[in-house]
Structure formats: C-alpha cells, structure tokens
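Count residues from 1 along the sequence.
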Amino acid sequence: MPYLLVSTQIRMEVGPTMVGDEHSDPSLMRYLGATKRNMLGNHFWEYYVDDAPRIVLNKLERYGYRVVSMTGVGQTLVWCLHKE
C-alpha cells in the first residue's frame with residue numbers, strides 16, 4: 001500500500017491525528033502506535049494516535065513515506081503521502 005492519508009481536525013499543534021482506516025497496513029499502524037476505533041454514527045473504523053501531525057509525519061518519513069500533497073478542508077487538514 002504505497003499511499004497513505006493522514007488528517008487532523010481543528011488544531012494541528014496537538015493530537016489526535018487520524019492515520020488510517022480498517023484497510024490500513026497493520027504493521028504500519030503498530031509502528032505508529034495507532035489505536036483502531038469506531039466513532040458513534042460512523043459506519044467505518046479508523047486508526048488514530050494522540051500525537052500531533054508533526055510527530056506522525058516525522059515517523060512516516062523515517063519509515064520511507066514522503067508528502068505528496070497537503071490541503072485544508074473546512075477545519076480539517078489532510079496530508080497525502082507516498083512510499084516508493
């Protein structure tokens with residue numbers, strides 16, 4: 001799975017940071033220390049960490065991922081990363 005979406009809502013100085021969904025690589029989620037959860041009202045599972053996005057992006061860079069793009073959607077920030 002060479003692509004990964006990382007997002008955070010409202011504030012980027014603190015967590016939580018969303019790092020995956022139910023189809024994400026389990027070994028990568030363990031490396032990030034992510035917890036799988038299902039929020040009330042959602043029909044999907046997501047992985048999150050309590051770390052700020054900067055910490056997560058640094059970990060992913062060490063794991064071989066590079067940021068391809070970043071955007072803001074309302075009060076949500078989203079990073080798209082790719083691993084060769």
So which heavy atom on Asp25 is nearest to which on Ser27, and how close?
-> OD1-OG, 2.9 Å
Side chain of Asp21, backbone of His23: donor and acceptor closer than 3.5 Å?
-> yes
If you measure from NE2 on His82 to CG on Leu4, what distance do you get to the nearest 0.5 Å?
-> 11.0 Å
Hey, does Lys36 have a side-chain heavy atom less than 4.5 Å from the side chain of Met29?
-> no
More than 12 heavy atoms from other groups under 6.0 Å of CZ on Arg54 | no
Could you tell me the separation between the NZ atom of Lys83 and the CG atom of Leu60, rounded to the nearest 0.5 Å?
-> 9.5 Å
Neighbour count above 12 (heavy atom, 6.0 Å) for Gln75 CD = no
Taken to the nearest 0.5 Å, the spacing of Met39 CE from Trp45 CH2 works out to 11.5 Å
Measuring from Met70:CE to Leu77:CG, what's the distance to the nearest 0.5 Å?
-> 4.0 Å
With a 4.5 Å limit on heavy-atom distance, are the side chains of Lys59 and Asp51 in contact?
-> yes
Is any side-chain heavy atom of Thr8 less than 4.5 Å from a side-chain heavy atom of Trp79?
-> yes
Walk me through it: do Val19 and Val56 pass the test side-chain contact (heavy atoms from CB on, under 4.5 Å)?
-> CA-CA 8 Å; Val19 293; Val56 174; 3.7 Å; yes
Distance under 6.0 Å and angle within 45° of the ring axis: does Arg37 meet both against Tyr47?
-> no
Looking only at atom types and distance, does a side-chain atom of Arg66 sit under 3.5 Å from a main-chain N or O of Leu81, one as donor and one as acceptor?
-> no
Measure the CD-CD distance between Glu22 and Glu46 for me, rounded to the nearest 0.5 Å.
-> 10.0 Å
Residue pair Thr17 / Pro53: nearest heavy atoms and the distance that separates them | OG1-N, 3.3 Å
Supply the atom-to-atom distance Arg62 CZ to Tyr31 OH, rounded to the nearest 0.5 angstrom.
-> 5.0 Å
Quick one: closest heavy-atom pair of Ala34 and Val49, and the distance?
-> CA-CG1, 3.5 Å
Check whether any side-chain heavy atom of Leu28 lies under 4.5 Å from a side-chain heavy atom of Tyr63, and answer yes or no.
-> yes
